Amino acid sequence: MCTFVHTRSVARDRRLPVPHCLQPRRSPTLTDRAVRRRRRALYLFFFLNGIAMSSWITRTPDVRDRLDVSTGQMGLVLFGLSVGSMAGILCSGRLVSRFGTRPVTALATLFVIASVVIVGAGSALGSASLVTAGLCVFGVGVGSGEVAINVDGADVERITGTAVLPTLHGCFSLGTVIGGLVGMAATATAFPAHWHLLAVAVVTAAIFGYAIGAVPAGTGVRATPPASDAARPAGPKVWKDRRLLVIGAIVLAMALAEGAANDWLPLLMVDGHGLDAAVGSLVFVGFAAAMTLGRFGGAFFLRRYSRATVVRASAVSGAIGLCLVIFSDNAVVAAAAVLFWGLGASLGFPVALSAAGDSGPDETARVSLVATIGYIAFLVGPPTLGFLGDHYGLRPAMIVVLAFVATAVLAAPAAGTRASHHRETGTGGAPVELAVDRPGQRVEG
């Protein structure tokens with residue numbers, strides 16, 4: 001049996017005709033229908049996380065008032081989310097390598113569902129410590145599930161030959177839009193936050209029960225090396241890959257841009273631009289809608305432009321939006337600028353993760369490393385911005401986010417299209433070189 005993606009002569013840089021027996025074939029264990037169900041399930045998991053995330057974000061002003069804390073103290077409450085996210089992301093790579101993506105995704109989603117209930121209970125009781133604990137559990141669930149679902153999504157990309165990760169993250173943004181609209185309505189009608197969050201937990205549990213059965217077992221499990229290979233020196237560590245680290249810097253910047261909006265945008269519009277809580281929630285919904293539009297349209301742009309161009313354009317859009325939000329005193333202009341912020345933050349994270357996944361061998365380790373670097377933004381972002389917001393105001397605090405996004409413009413070439421070459425044996429035992437381009441685009445001879 002011979003397998004082949006794209007061939008190129010090892011001796012000469014000249015494309016060879018592709019024999020019929022070397023045409024790409026899907027695994028017989030994965031039918032088209034099963035792949036479609038699997039892809040739909042992954043979309044639902046990200047959709048579920050988006051609903052859960054935006055449900056408590058839109059209630060942040062209400063929760064802050066219930067807890068009776070300052071902006072700086074609210075930053076410490078949000079720090080629970082950062083700690084949980086980092087703990088989850090650090091464990092996820094090893095868990096996926098040992099058990100596969102399905103059990104990690106299942107456990108992570110159960111953590112997300114439980115966390116929504118805990119945050120609602122903390123709000124009802126006025127307990128800052130309970131809300132912090134709930135956000136920590138939420139962070140563990142989202143952080144550990146992030147790597148697992150992205151590894152599964154990257155596997156579907158390889159099977160289908162199409163870009164999946166931008167749409168996958170688009171489903172998260174779509175979930176934030178729907179959850180944000182419901183949260184905005186609940187805020188406008190003064191519906192108690194704890195009952196709202198309990199209802200969200202019931203809905204997300206139903207989605208989880210429907211989707212988990214479509215995710216196959218075994219994806220992402222790292223094969224145990226044979227005993228004869230035990231004495232061989234270990235391969236190079238992924239953290240020594242300079243290009244991968246630059247990709248991680250892009251993820252760090254774009255994750256900070258997204259996370260800053262998720263953590264602070266409603267309060268930024270309320271405290272920084274004088275809007276009421278319901279309108280502040282509406283602005284967040286606009287941000288989430290812009291991210292949804294950008295991510296669902298990502299495949300279109302990735303088929304026509306390089307990853308570097310897409311990442312650079314995203315960072316420029318995000319920087320423009322942040323500049324207007326920070327420096328414009330017109331609340332209408334600032335609210336409209338959030339759309340540029342959302343469009344800019346939409347593709348940087350998923351496109352950079354996709355670039356990390358196909359930048360070399362050991363995809364799980366690479367995605368885990370880059371995601372870990374990105375989650376540093378979630379670890380240090382909330383308390384840092386909260387501290388700066390207490391002393392200088394939330395609008396000036398966002399200058400830090402703007403500076404990081406500007407660096408992503410310069411680092412964008414690292415995420416550019418670069419063929420990954422793997423040796424494989426073709427007919428007659430002759431070595432051929434496999435050149436895999438970006439998802440959705442094939443290299444033809």
Side-chain angles (χ1 to χ4, degrees), residues 46 50 146 150 153 157 163-174 176-177 243-244 246-262 265 284 286-326 336-359 367 370-371 373-375 377-378 381 398-418 438-441:
F46 260 44
E146 179 80 12
N150 276 294
E157 281 189 344
V164 171
L165 291 183
T167 305
L168 188 65
H169 287 258
C171 288
F172 175 86
S173 298
L174 179 61
T176 61
V177 171
R243 180 188 172 220
L244 189 64
V246 178
I247 294 174
I250 296 172
V251 172
L252 174 66
M254 304 313 289
L256 183 60
E258 181 180 352
N262 288 340
L265 187 53
F284 172 76
F287 172 85
M291 288 198 64
T292 303
L293 178 63
R295 284 174 170 171
F296 279 118
F300 173 85
F301 292 104
L302 288 170
R303 284 194 297 267
R304 288 159 176 78
Y305 305 100
S306 68
R307 284 191 183 125
T309 300
V310 172
V311 170
R312 186 180 293 111
S314 297
V316 169
S317 176
I320 291 172
L322 279 162
C323 280
L324 292 174
V325 170
I326 294 168
V338 166
L339 300 179
F340 288 97
W341 184 354
L343 284 172
S346 63
L347 288 178
F349 194 98
V351 172
L353 281 180
S354 183
D358 65 14
S359 63
V367 173
V370 170
I373 294 174
Y375 268 89
F378 295 106
M398 292 297 157
I399 295 176
V400 175
V401 182
L402 175 61
F404 273 90
V405 173
T407 64
V409 178
L410 303 177
T417 302
R418 180 182 297 182
R438 65 178 180 267
Q441 183 175 12

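Not measured: the values here are computed from a predicted model. Quick note: numbers below take in every heavy atom, side chains included, and nothing from hydrogens, waters or symmetry partners.
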S.K.: Hey, could you give me the OG1/CG distance between Thr407 and Leu402, rounded to the nearest 0.5 Å?
M.R.: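 Atom-to-atom, Thr407:OG1 and Leu402:CG are 10.0 Å apart.
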
S.K.: Kindly indicate whether the side chain of Phe46, heavy atoms from C-beta on, has any atom under 4.5 Å from the side chain of Ser173.
M.R.: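 No - every pair of side-chain heavy atoms lies 4.5 Å or more apart.
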
S.K.: State, to 0.1 Å, how close Ser314 and Leu347 come at their nearest heavy-atom pair, and which atoms those are.
M.R.: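 Closest heavy-atom pair between Ser314 and Leu347: OG-CB, 3.6 Å.
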
S.K.: Show the nearest heavy-atom pair for residues Ser346 and Met291, with the distance to one decimal.
M.R.: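 Scanning both residues completely, I find the closest heavy atoms to be CB-O, 3.5 Å.
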
S.K.: Taking all non-hydrogen atoms of both residues into account, name the closest pair between Leu322 and Val405 and its distance.
M.R.: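 Closest pair (atom of Leu322, atom of Val405, distance): CD1-CG2, 3.9 Å.
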
S.K.: What distance separates Leu174 CG from Thr176 OG1, expressed to the nearest 0.5 Å?
M.R.: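 Reported value, rounded in 0.5 Å steps: 7.5 Å.
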
S.K.: Can you tell me how far apart CD1 (Ile247) and CZ (Arg307) are? Round to the nearest 0.5 Å.
M.R.: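 One finds 8.0 Å between CD1 of Ile247 and CZ of Arg307.
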
S.K.: How close do Val251 and Ala352 get, heavy atom to heavy atom, and via which atoms?
M.R.: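 For Val251 versus Ala352, the nearest heavy atoms are CG2-CB, 3.3 Å.
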
S.K.: What's the separation between atom CD1 in Ile373 and atom CG in Leu244, rounded to the nearest 0.5 Å?
M.R.: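 One gets 6.5 Å once the value is rounded to the nearest 0.5 Å.
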
S.K.: Would you say Leu339 and Phe287 make side-chain contact, with heavy atoms under 4.5 Å?
M.R.: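 Contact flag for Leu339/Phe287 side chains = no.
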
S.K.: Might you point out which heavy atoms bring Ala356 and Val370 nearest each other, and give the distance in Å?
M.R.: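 Here Ala356 and Val370 meet closest at CB-CG2, 3.5 Å.
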
S.K.: Can you see which heavy atom on Arg312 is nearest to which on Pro413, and at what distance?
M.R.: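 Shortest heavy-atom separation between Arg312 and Pro413 comes out as NH2-CG, 3.6 Å.
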
S.K.: Would the number of heavy atoms belonging to other residues, nucleotides or ligands and lying under 6.0 Å from CZ of Phe404 be above 12?
M.R.: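 For Phe404, atom CZ is not crowded (no more than 12 foreign heavy atoms under 6.0 Å).
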
S.K.: Cationic tip of Arg303 within the cone over Phe300's six-membered ring, i.e. under 6.0 Å and within 45° of the normal?
M.R.: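 That pair does not qualify as a cation-pi contact.
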
S.K.: Quick check: does any side chain N or O of Trp341 sit under 3.5 Å from a backbone N or O of Leu324, one acting as donor and the other as acceptor?
M.R.: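 The answer is no, because no donor-acceptor pair under 3.5 Å joins these two groups.
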
S.K.: Hey, could you give me the CG/CD distance between Asn150 and Glu157, rounded to the nearest 0.5 Å?
M.R.: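 Asn150 CG to Glu157 CD: 9.5 Å, rounded to 0.5 Å.
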
S.K.: With rounding to the nearest 0.5 angstrom, report the CZ to CG distance, Phe296 to Leu168.
M.R.: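 Between atom CZ of Phe296 and atom CG of Leu168 there are 9.5 Å.
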
